[in-house]
Amino acid sequence: MAKIRLTTLVPAALVALASALGCSGGDARASADGKVLRLAMAEEPPQLDSTRATDQVSNWVLGHVMEGLTRYGRNGEIVPG
């Protein structure tokens, strides 16, 4: 099995987080479907290493950034994540 370095995952997670929080350099109204989601956070997540995160803010961010593309639904069928 190939090893994945944390230094590869953290920048990708930060890019995904910035996208999810609406932090873009361009006009936010220029999204593909015309919808924008902006989230206000009370503080910065202190830890984005999933093996070390113990606080609620970090776990909330990691839960949304690291969610899989698919998961199992109520009847065992595969549904979008």
Side-chain angles (χ1 to χ4, degrees):
M1 179 162 66
K3 291 185 179 180
I4 299 175
R5 296 181 144 213
L6 184 60
T7 55
T8 305
L9 290 177
V10 171
L14 291 176
V15 169
L17 176 63
S19 297
L21 296 177
C23 303
S24 62
D27 186 5
R29 291 173 283 171
S31 64
D33 61 356
K35 297 179 182 178
V36 176
L37 173 65
R38 294 177 193 246
L39 304 172
M41 295 176 56
E43 61 184 272
E44 294 279 327
Q47 185 62 255
L48 290 178
D49 181 354
S50 61
T51 62
R52 295 182 180 174
T54 58
D55 60 286
Q56 183 178 9
V57 176
S58 297
N59 286 324
W60 183 83
V61 171
L62 288 168
H64 286 85
V65 173
M66 300 297 179
E67 181 181 17
L69 296 176
T70 60
R71 60 179 149 180
Y72 289 104
R74 291 185 180 183
N75 298 326
E77 74 277 3
I78 297 176
V79 297

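Quick caveat, the model's predicted, so the values are computed rather than measured.
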Q: Please report the shortest heavy-atom distance between Asp55 and Pro46, naming the atom on each side.
A: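 Closest approach of Asp55 to Pro46, heavy atoms only: OD2-CD, 3.3 Å.
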Q: Kindly give the heavy-atom pair with the smallest separation between Pro45 and Val57, and that separation in Å.
A: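 Looks like CA-CG1, 3.8 Å.
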Name the atoms and distances for all side-chain donor-acceptor pairs under 3.5 Å in residues 67-76, with sequence neighbours left out.
| from | atom 1 | to | atom 2 | distance (Å) |
| --- | --- | --- | --- | --- |
| Glu67 | OE2 | Arg71 | NH2 | 3.4 |

Q) Does CD in Glu44 sit with more than 12 non-hydrogen atoms of other residues, nucleotides or ligands closer than 6.0 Å? A) no
Q: Taking side-chain hydrogen bond (donor to acceptor under 3.5 Å, both in side chains) as the test, write out the residues that go with Asn59, two or more places apart.
A: none
